[in-house]
Amino acid sequence: MVRLRGFKERTIVRDAVKALEGVRFKRVDSEIVEITRACGRILAEDIIAKYNVPHFDRSAVDGYAVVAEDTFGANLNNPVMLKIVGEVEMGEEPIEMSRGTAVRVSTGSALPKGANAVVMLEYTKEVGEFVEIYRPVVPFENVSREGEDIKAGEVVLKAGEILQPQDIGVLASLGYAKVKVLKKPRVVIISTGNELVEIGEELEVGKVVNSNAYMLFCALKMYNCEPSVYGIVRDDFDELKKAIIQALSVGDCVITTGGTSVGKGDLVPEVVKEIGKIVFHGISIKPGMPTGLGVIDGKPVLMLSGFPVACLIGFELIFPHVLAKLTGVRVVKRRGEGVKAKLKRRIPSKAGVRTFARVIYKDGFAEPLMTSGSGILTSMVRANGIVVVPEEKEGFEEGEEVNVVLVRDLIEEVT
Ligand SMILES: Nc1nc2c(c(=O)[nH]1)N[C@H]1C(S)=C(S)[C@@H](COP(=O)(O)OP(=O)(O)OC[C@H]3O[C@@H](n4cnc5c(N)ncnc54)[C@H](O)[C@@H]3O)O[C@H]1N2
Ligand code: MOO
């Protein structure tokens with residue numbers, strides 16, 4: 001069959017993406033927002049710790065603050081007796097103590113001046129004004145030391161990171177109420193077609209409800225964009241041109257649906273060609289063949305098919321690349337996804353306890369972080385994944401293949 005009209009050439013996906021990557025788009029600006037609005041947003045500044053976290057030595061357990069040297073040699077038969085000289089309540093300033101004494105402390109309370117370790121409650125017994133210690137501790141055992149989590153001056157988060165809940169926690173603990181992030185890309189959705197009606201309007205034969213706009217609105221929200229619905233535009237060259245120009249004046253990107261094929265009403269690519277440049281139009285995919293991309297004044301215009309399935313498939317295929325160019329950040333893998341990795345070191349764990357080991361995943365390898373306390377939030381910022389050791393296993397060996405669940409999006413810088 002001779003093909004007289006229509007798509008002469010269709011670009012294969014790889015070439016379409018390559019063509020897209022060769023185009024320069026205007027990047028979105030940054031803005032300062034409250035940290036409660038920053039989750040999932042792209043950080044636009046390096047975050048430097050203004051002070052140590054914790055900013056004082058504190059007890060990591062409930063028990064008795066002691067001078068570690070006093071407890072040496074203590075055991076069940078030969079407990080060490082220490083005089084209780086007071087208590088540090090949570091949030092209180094620490095008291096002072098000397099050798100031969102002990103002070104009651106809780107998890108998180110400040111370590112008394114003069115103490116250098118804490119004995120867990122389980123290894124002690126109060127006898128009148130004294131406490132019997134049944135187990136020795138080494139200096140700084142059960143103590144979270146000042147600056148153990150974050151040291152003043154340290155770069156804790158780098159510009160370009162996609163902010164995760166743990167990052168927001170770290171920002172708060174460092175005293176940041178606001179943070180500089182990239183603006184959400186504003187994307188204007190234009191629905192084209194003489195047959196379209198809005199939700200609630202009368203559905204005569206031949207008419208179709210404009211469902212694409214609402215579908216794309218939802219999809220754009222999921223990509224952390226700021227979508228807006230322009231509305232329905234008739235298949236008229238001048239009206240389409242006016243709509244696209246107006247949408248571009250408020251948006252960082254425009255998405256059109258319908259009118260991308262070769263029929264007489266399919267005018268969208270013609271309009272884009274007149275006021276800008278076509279990057280590609282017609283991809284070797286099914287559904288979604290008539291998907292196209294144009295650029296007008298440095299802003300992308302994504303042309304999607306009117307058929308809802310073709311529309312969504314074209315969107316999911318091309319929009320992430322457009323977004324990466326608009327923000328300078330490409331998401332390679334999303335938080336919550338699993339990746340296979342070889343362990344760089346063994347992960348120890350206790351049988352019967354499901355253990356969540358924090359790891360740094362890179363290029364097929366997972367490096368477990370050497371960290372103890374569940375109070376060390378930066379361990380969830382330095383790590384990008386978690387390896388779950390099930391109850392029935394006692395750790396994983398070095399070199400073993402494990403599943404890493406990502407706790408942050410894996411990203412790549414885009415030029
Ligand atoms: N002769 C040819 N005809 C067609 C070709 C071709 O190569 N040669 N390609 C076909 C393919 S593949 C597709 S996909 C469609 C693409 O059509 P358009 O993108 O031009 O879309 P429309 O014709 O405007 O609409 C198609 C269909 O979708 C409905 N629609 C449109 N907008 C919406 C909306 N906002 N919400 C819900 N539904 C919508 C519209 O009513 C039509 O039924 O072309 C083939 N034809
Ligand atoms: O290929 Mo169309 O792209 O049939 O939906």
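Note that the coordinates shown come from a computational prediction; the quantities given were computed from them, not determined experimentally. Whatever order the structure lists ligands and atoms in, that order sets their numbers, starting from 1.
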Would you confirm whether Asp409, through its side chain, and Ile162, through its main-chain N or O, come within 3.5 Å as a donor-acceptor pair?
-> no
Nearest non-hydrogen contact with [atom] belongs to which option: [options]?
| atom | options | value |
| --- | --- | --- |
| atom 2 (Mo) of ligand 2 | Ser305, Gly288, Cys311 | Gly288 |
| atom 11 (C) of ligand 1 | Pro290, Gly193, Ala310 | Pro290 |
| atom 17 (O) of ligand 1 | Gly314, Cys311, Ser261, Gly288 | Ser261 |
| atom 19 (O) of ligand 1 | Thr260, Val268, Ile313, Asp235 | Thr260 |

Any side-chain heavy atom of Lys125 sitting closer than 4.5 Å to one from Tyr134?
->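 Sidechains of Tyr134 and Lys125: in contact.
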Close side-chain approach of Thr101 and Ile84, heavy atoms under 4.5 Å =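 No. Closest side-chain heavy atoms not under 4.5 Å.
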If the threshold is 4.0 Å, N to carboxylate O, is there a salt bridge linking [X] and [Y]?
| X | Y | value |
| --- | --- | --- |
| Glu21 | Lys325 | no |
| Arg104 | Glu87 | yes |
| Lys241 | Asp236 | no |

State if [X] counts as touching ligand 1 under the rule of any non-hydrogen atom under 4.0 Å.
| X | result |
| --- | --- |
| Gly259 | yes |
| Val209 | yes |
| Ala213 | no |

Numbered atoms and elements of ligand 1 in range of [X], under 4.0 angstrom, heavy atoms:
| X | value |
| --- | --- |
| Met289 | 7 (O), 9 (N), 12 (S) |
| Glu195 | 30 (N), 31 (C), 40 (C), 41 (O) |
| Thr257 | 35 (N) |
| Gly306 | 18 (P), 19 (O), 21 (O), 25 (O), 28 (O), 29 (C), 30 (N), 31 (C), 32 (N), 33 (C), 38 (N), 39 (C) |
| Asn210 | 34 (C), 35 (N), 36 (N) |

Look only at interatomic distance and state if Leu304 has a nitrogen or oxygen under 3.5 Å from any nitrogen or oxygen of ligand 1.
->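 It does not: no N or O of Leu304 is found under 3.5 Å from an N or O of ligand 1.
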Do any nitrogen or oxygen atoms of Phe307 lie less than 3.5 angstrom from nitrogen or oxygen atoms of ligand 1?
->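 Phe307 vs ligand 1: N/O contact under 3.5 Å present.
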Looking only at distances, please establish whether an N/O atom of ligand 2 is found under 3.5 Å from an N/O atom of Met289.
-> yes
Cation-pi check, Lys50 onto Tyr176 ring (under 6.0 Å, within 45° of axis) | yes
What is the ring orientation for Phe319 with Phe315, classed by angle as parallel under 30°, tilted 30 to 60°, or perpendicular over 60°?
->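 Ring orientation, 0 to 90° scale: parallel.
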So which bit of Asn212 gets within less than 4.0 Å of ligand 1, heavy atoms only: side chain, backbone, both or neither?
-> both
Quick one: which of Lys26, Lys184, Arg186 gives a side chain to side chain donor-acceptor pair (under 3.5 Å) with Asp252?
->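 For Asp252, the side chain to side chain donor-acceptor pair (under 3.5 Å) check succeeds only for Arg186.
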Got more than 12 heavy atoms from elsewhere within 6.0 Å of CZ, Arg354?
->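 At most 12 heavy atoms, drawn from other residues, nucleotides or ligands, come within 6.0 Å of this atom.
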Any atoms of ligand 2 less than 4.0 Å from a non-hydrogen atom of Pro287? List them with their elements.
-> 1 (O), 3 (O), 5 (O)
Pro290 heavy atoms within 4.0 Å reach ligand 2 at atoms 3 (O)
Please step through side chain to side chain contact (heavy atoms under 4.5 Å, CB included) for the pair Leu317 and Val13, ending with a clear verdict.
-> CA-CA 9 Å; Leu317 181 71; Val13 176; 4.0 Å; yes
Considering only protein heavy atoms, which is closest to atom 4 (O) of ligand 2, and at what distance to one decimal place?
-> Lys286 NZ, 3.1 Å
Approximate separation, where rounding is to 0.5 Å, of Asn224 CG and Leu182 CG |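 Taking CG in Asn224 and CG in Leu182, the distance rounds to 11.0 Å.
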